[in-house]
Student: 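Structure incoming, see below.
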Amino acid sequence: MTAGTRPPQLPETDSIREVLMTPWGELTWPELPTAVAEHRVALLAFGAIEEHGPHLPLATDDLVADHLARRLADRVGLLRLPTVPYGQVWSLEHFPGSLSVGDDTLVALITDLARGLVRNEVRGLVLLSAHLGNAAALKRASRELEGTLPALALTYPGLREVSDRVREAPDSRPGIMHADEIETSIMLHVAPDEVRMERARPEYPRYPPDFDSAPVRWDSVSDSGVFGDPTAATAEKGAVVLDHVVGEAERLIRGWLRRLP
């Protein structure tokens, strides 16, 4: 608090519950200390702006990240920070509309924000990504924050096992979920009005033998930006997938919280 700034006025008793349920960006500064005192750990979610075939919007990962963040913040009792819509999408940045930021930028953003969180007496930070390309940067940031702010990095925990359970069409490659049956199902559950199923078409890329080892731009193996069969998607499958992911994330967060000072 700067010199001359008045001490924050706590909200009236009948509005405290409302304050505690309000995300960080919608609070006023006098309300912030009350919210932090109740929720000592913040949640910062990351999406991406990238192509998702002709049937899903560029902001698919951002929409899903925000959905997951809202559910987890409510279930675990975390102070939800505004979702970051940008991510590392090097493999897809040659498709029109894709906007990529580097891992160094993501790490710097997180570590810079962490200083402000510590200054506001936040005691821990959950990093959550709905874009697989952010995983390396979030894990690196959590390590760099050691000794400054304890951080936990999560990227779609439990996704592979639940995807294998609900998937009907073949996947294009293990470990890839992009504009396919699974991701389209997730979007049909999260934001059905944003899905153009009449445009959905399957595509199964032919991956080079060194795909997992060499830097390969995904537009070199896919014409449509689809990696699988989105026509097999349903909102019901999406609900099952996200319920499992949220449950796994909650389990991991609660276990981590028990180890915090």
Side-chain angles (χ1 to χ4, degrees), residues 23 25 42-53 55-76 78 80-93 97-101 103 105-107 109-110 113 125-142 151-163 166 175-192 194-195 218 225-228 230 233 235 237-253:
L43 171 64
L44 178 60
F46 287 80
I49 301 297
E50 63 175 4
E51 74 80 20
H52 279 83
H55 64 292
L56 295 180
L58 296 167
T60 288
D61 293 338
D62 181 47
L63 293 168
V64 177
D66 204 59
H67 173 89
L68 291 173
R70 290 171 186 274
R71 291 179 63 176
L72 278 170
D74 289 344
R75 287 178 62 158
V76 184
L78 304 174
R80 179 167 57 88
L81 295 162
T83 298
V84 178
Y86 302 107
Q88 187 276 112
V89 297
W90 179 90
S91 59
L92 290 163
E93 68 179 346
S98 295
L99 300 173
S100 182
V101 298
D103 283 357
T105 300
L106 290 175
V107 172
L109 174 65
I110 293 167
L113 290 174
L125 176 62
V126 175
L127 302 169
L128 173 71
S129 179
H131 171 64
L132 301 178
N134 293 334
L138 267 57
K139 187 171 185 179
R140 182 178 137 201
S142 70
L152 178 70
L154 301 175
T155 303
Y156 267 126
L159 175 65
R160 182 172 294 187
E161 64 180 79
V162 71
S163 296
V166 304
I176 288 184
M177 177 196 72
H178 192 76
D180 62 347
E181 175 185 2
I182 301 302
E183 191 163 37
T184 304
S185 293
I186 289 172
M187 279 295 288
L188 285 171
H189 175 64
V190 170
E194 301 296 327
V195 181
W218 287 13
V226 172
F227 293 74
K237 293 176 186 175
V240 171
V241 169
L242 289 188
D243 284 349
H244 182 79
V245 168
V246 169
E248 280 297 291
E250 180 180 5
R251 180 181 66 82
L252 293 170
I253 293 169

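Everything numeric in this text was worked out from a predicted model, so none of it was measured.
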Student: Quick one: do R70 and D66 make a salt bridge, cutoff under 4.0 Å?
Tutor: yes

Student: Can you give me the closest heavy-atom contact between L72 and A249, atom names plus distance?
Tutor: CD1-CB, 3.7 Å

Student: Between G53 and A179, which heavy-atom pair has the shortest distance, and what is it?
Tutor: N-CB, 4.1 Å

Student: With a 3.5 Å cut-off and sequence neighbours excluded, list the donor-acceptor pairs that the side chains of residues 58-65 form with protein atoms.
Tutor:
residue: T60; atom: OG1; partner: P57; partner atom: O; Å: 2.7
residue: D61; atom: OD1; partner: H52; partner atom: NE2; Å: 3.4
residue: D61; atom: OD2; partner: H131; partner atom: ND1; Å: 3.0

Student: Step by step, work out the side-chain contact (heavy atoms from CB on, under 4.5 Å) result for V84 and L44.
Tutor: CA-CA 8 Å; V84 178; L44 178 60; 3.9 Å; yes

Student: Could you report the tightest heavy-atom contact between I182 and S163, atom names first, then the distance?
Tutor: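 For I182 versus S163, the nearest heavy atoms are CG2-OG, 3.6 Å.
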
Student: Using the side-chain contact (heavy atoms from CB on, under 4.5 Å) criterion, which residues pair with S91? Sequence neighbours excluded.
Tutor: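 Checked S91 against side-chain contact (heavy atoms from CB on, under 4.5 Å); matches are W218.
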
Student: Pair I186, L242 - check side-chain contact (heavy atoms from CB on, under 4.5 Å), show working.
Tutor: CA-CA 7 Å; I186 289 172; L242 289 188; 3.9 Å; yes

Student: Write down the atom of L81, the atom of L125, and the distance for their closest heavy-atom approach.
Tutor: CD1-CD1, 4.2 Å

Student: Is there a side-chain contact (heavy atoms from CB on, under 4.5 Å) between L109 and Y86 once you walk through the steps?
Tutor: CA-CA 11 Å; L109 174 65; Y86 302 107; over 6 Å; no

Student: Just do the salt bridge (charged side-chain N to carboxylate O under 4.0 Å, His left out) check on R71 and D243 with the steps written out, would you?
Tutor: CA-CA 10 Å; R71 291 179 63 176; D243 284 349; 2.7 Å; yes

Student: Mind checking what makes salt bridge (Lys or Arg N to Asp or Glu O under 4.0 Å) contact with R251, not counting sequence neighbours?
Tutor: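 Checked R251 against salt bridge (Lys or Arg N to Asp or Glu O under 4.0 Å); matches are E248.
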
Student: To the nearest 0.5 angstrom, please state how far the CD1 atom of I253 sits from the CG atom of L78.
Tutor: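 Spacing of CD1 (I253) from CG (L78) equals 5.5 Å.
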
Student: Is it true that a side-chain atom of D180 and a backbone atom of E183 form a donor plus acceptor pair closer than 3.5 Å?
Tutor: yes

Student: Just by distance, do the side chain of S98 and the backbone of L92 share a donor-acceptor pair under 3.5 Å?
Tutor: yes

Student: Suppose we screen for side-chain contact (heavy atoms from CB on, under 4.5 Å). Which residues come up paired with V240, at least two apart in sequence or across chains?
Tutor: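 V240: side-chain contact (heavy atoms from CB on, under 4.5 Å) contacts with V162, R165, V166.
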
Student: With E194, which residues qualify under salt bridge (Lys or Arg N to Asp or Glu O under 4.0 Å), at least two apart?
Tutor: none

Student: Do H55 and V226 have side chains that get closer than 4.5 Å, going by heavy atoms?
Tutor: yes

Student: Step by step, work out the side-chain contact (heavy atoms from CB on, under 4.5 Å) result for V76 and V126.
Tutor: CA-CA 11 Å; V76 184; V126 175; over 6 Å; no

Student: Just how far is it from atom CG of L132 to atom CD of Q88, taken to the nearest 0.5 Å?
Tutor: 11.0 Å

Student: Go through the structure and list residues passing ring-ring contact (aromatic ring centres under 6.0 Å, His included) with H189, not counting sequence neighbours.
Tutor: H67

